[in-house]
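All of these numbers come straight from a predicted model, not from anything done at the bench. What you see below is based on every heavy atom in this structure, not just the backbone, and it leaves out hydrogens, waters and symmetry mates.
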Amino acid sequence: LDSTEVSACIGLLMELHHEQLISEKDTDGIAMERGSKEAILETVRKIAFREGFGALLADGQRAFAEKIGPKAVEKLDLVKGLAPHPYEFRAYHGTGLMQAVGHRGDPLPMRGSLLEFEWQNAPEWFQEGGQKMYGNAGAAIPSSYEGKATSAILSEHNALAVDSMGVCTWPYANFVFHTIDKAVRMLQLVTGKDWDVAHVLKIAERLRNLERMFDVRQGLTREHDSLPSKFFETPLAKGKYQGAVLDKAKFEKMKDEYYTLRGWDLKTGVPSAEKLAELRLST
């Protein structure tokens with residue numbers, strides 16, 4: 001079971017129940033009250049065994065919502081057909097960019113950089129880090145649209161590199177150290193290879209482009225690199241980022257910058273022949 005997707009399924013059921021769009025008769029007699037331990041555990045079990053209402057949920061949120069009706073479908077928040085990770089993209093723009101352009105079903109929305117999440121603790125210090133690592137202090141500022149494409153690309157490469165080593169992403173990619181220096185040093189010690197960080201990151205770039213070509217083969221285009229409309233239309237109602245909302249034009253500009261740096265076509269999001277040749281991925 002995918003934890004993000006299952007969590008989103010449970011959240012959808014509880015939202016539909018709260019809005020009185022479903023009742024116990026739609027969920028095998030289980031009251032999908034918010035926070036109900038019984039509802040959570042039983043839904044997980046039913047999805048796992050494709051039992052009762054879980055059989056439909058096992059095919060995804062959209063399948064269940066479409067059975068309920070149009071108002072239920074309106075409640076869906078999907079990216080490339082799957083639930084986005086539970087980060088607030090209206091507040092963290094770099095993370096929003098990475099979720100939008102990422103490979104379908106990424107196990108974790110590479111965070112652009114933890115700089116965004118840590119920024120409030122020491123703004124000046126993290127902005128200095130953004131300038132040093134990504135050439136733009138704005139990369140660290142959650143509400144900024146600047147420097148996000150560069151930080152997104154490096155973070156994607158960091159995560160792919162560490163995933164390929166077979167070690168946990170959390171301590172050895174950009175989540176703690178913001179670099180893969182330690183992970184590469186471990187690789188050198190274990191394998192005896194003299195690969196440096198630049199070499200490992202180039203391998204990661206090949207992997208990222210290969211992922212993209214798999215997605216392109218399945219019909220992915222630029223229009224799929226987006227986020228649910230609420231992030232652009234509905235300001236946050238509360239919290240420290242109250243009133244925050246993504247600017248559509250600025251978001252699309254971030255995508256332009258990301259595609260340009262990647263060597264992908266601006267209109268389609270497809271890797272260019274030149275980029276594939278550079279990475280030795282041409283057929």
Side-chain angles (χ1 to χ4, degrees), residues 4 79 84-102 106-163 165 167-186 196-198 200-201 204-205 208 225 227 231-232 235-262:
T4 298
V79 176
H85 289 260
Y87 299 134
E88 186 43 75
F89 306 125
R90 286 167 287 198
Y92 301 105
H93 297 170
T95 305
L97 172 65
M98 298 199 76
Q99 179 72 74
V101 301
D106 270 323
L108 198 67
M110 290 72 66
R111 298 186 180 184
S113 168
L114 275 186
L115 293 177
E116 279 194 340
F117 293 87
E118 297 169 343
W119 172 80
Q120 62 175 331
N121 296 317
E124 293 184 5
W125 192 86
F126 284 111
Q127 284 166 219
E128 289 176 4
Q131 183 67 46
K132 179 180 179 181
M133 287 186 283
Y134 309 119
N136 194 310
I141 303 173
S143 61
S144 173
Y145 294 87
E146 302 297 325
K148 306 299 184 177
T150 301
S151 65
I153 289 171
L154 181 57
S155 295
E156 286 182 328
H157 291 175
N158 283 348
L160 283 166
V162 175
D163 279 346
M165 294 177 196
V167 296
C168 180
T169 301
W170 284 91
Y172 292 112
N174 58 322
F175 295 102
V176 175
F177 303 114
H178 300 289
T179 73
I180 57 168
D181 295 13
K182 288 180 172 57
V184 171
R185 182 55 182 150
M186 286 177 60
D196 59 12
V197 171
V200 172
L201 289 178
E205 184 182 6
R208 180 68 185 100
D225 286 342
L227 298 172
F231 294 107
F232 301 97
L236 278 171
K238 58 183 179 180
K240 63 184 178 183
Y241 291 108
Q242 182 176 355
V245 67
L246 277 170
D247 182 289
K248 184 68 172 178
K250 292 179 180 179
F251 185 81
E252 291 300 317
K253 186 178 178 181
M254 281 200 302
K255 282 167 55 178
D256 285 346
E257 184 179 355
Y258 176 87
Y259 292 153
T260 298
L261 292 172
R262 276 255 172 249

Atom NZ of K253: over 12 foreign heavy atoms under 6.0 Å: no
A quick test of your reading: do over 12 heavy atoms of other residues, nucleotides or ligands sit less than 6.0 Å from CD of Q242? yes
Side-chain donor or acceptor of K255 paired with backbone N/O of D225 under 3.5 Å: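 Yes.
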Ring centres under 6.0 Å, that's the criterion: do F117 and Y87 meet it?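 Judged by ring-centre distance (under 6.0 Å), F117 and Y87 do meet the cut-off.
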For the pair E116 and K148, find out whether any cationic side-chain nitrogen is under 4.0 Å from an anionic carboxylate oxygen. yes
E252/K248 ion pair, N-O < 4.0 Å: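 The answer is yes: the pair qualifies as a salt bridge.
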Side chain to side chain contact (heavy atoms under 4.5 Å, CB included) between T150 and N136, worked out: CA-CA 9 Å; T150 301; N136 194 310; over 6 Å; no
Test log, rule side chain to side chain contact (heavy atoms under 4.5 Å, CB included), inputs I153 and Y134: CA-CA 10 Å; I153 289 171; Y134 309 119; over 6 Å; no
For the [atom1] atom of [X] and the [atom2] atom of [Y], what is their distance to the nearest 0.5 Å?
X: L236; Y: E88; atom1: CG; atom2: CD; answer: 4.0 Å
X: D196; Y: R185; atom1: CG; atom2: CZ; answer: 12.5 Å
X: K250; Y: L97; atom1: NZ; atom2: CG; answer: 15.0 Å
X: K132; Y: F126; atom1: NZ; atom2: CZ; answer: 13.5 Å
X: S151; Y: H93; atom1: OG; atom2: NE2; answer: 12.5 Å
X: E156; Y: Y258; atom1: CD; atom2: OH; answer: 3.5 Å

Could you report the tightest heavy-atom contact between [X] and [Y], atom names first, then the distance?
X: N121; Y: P123; result: C-CD, 4.0 Å
X: V245; Y: P235; result: CB-CA, 4.1 Å
X: A161; Y: I180; result: CB-CD1, 4.0 Å
X: P84; Y: V79; result: CB-CG2, 3.8 Å
X: P142; Y: Y241; result: CG-OH, 3.7 Å
X: A204; Y: H157; result: CB-O, 3.3 Å

With side chain to side chain contact (heavy atoms under 4.5 Å, CB included) as the test, would you mind laying out the steps for M165 and V184 before giving the verdict? CA-CA 9 Å; M165 294 177 196; V184 171; 4.2 Å; yes
Test side chain to side chain contact (heavy atoms under 4.5 Å, CB included) on Y259 and R262 and set out the steps. CA-CA 5 Å; Y259 292 153; R262 276 255 172 249; 5.6 Å; no
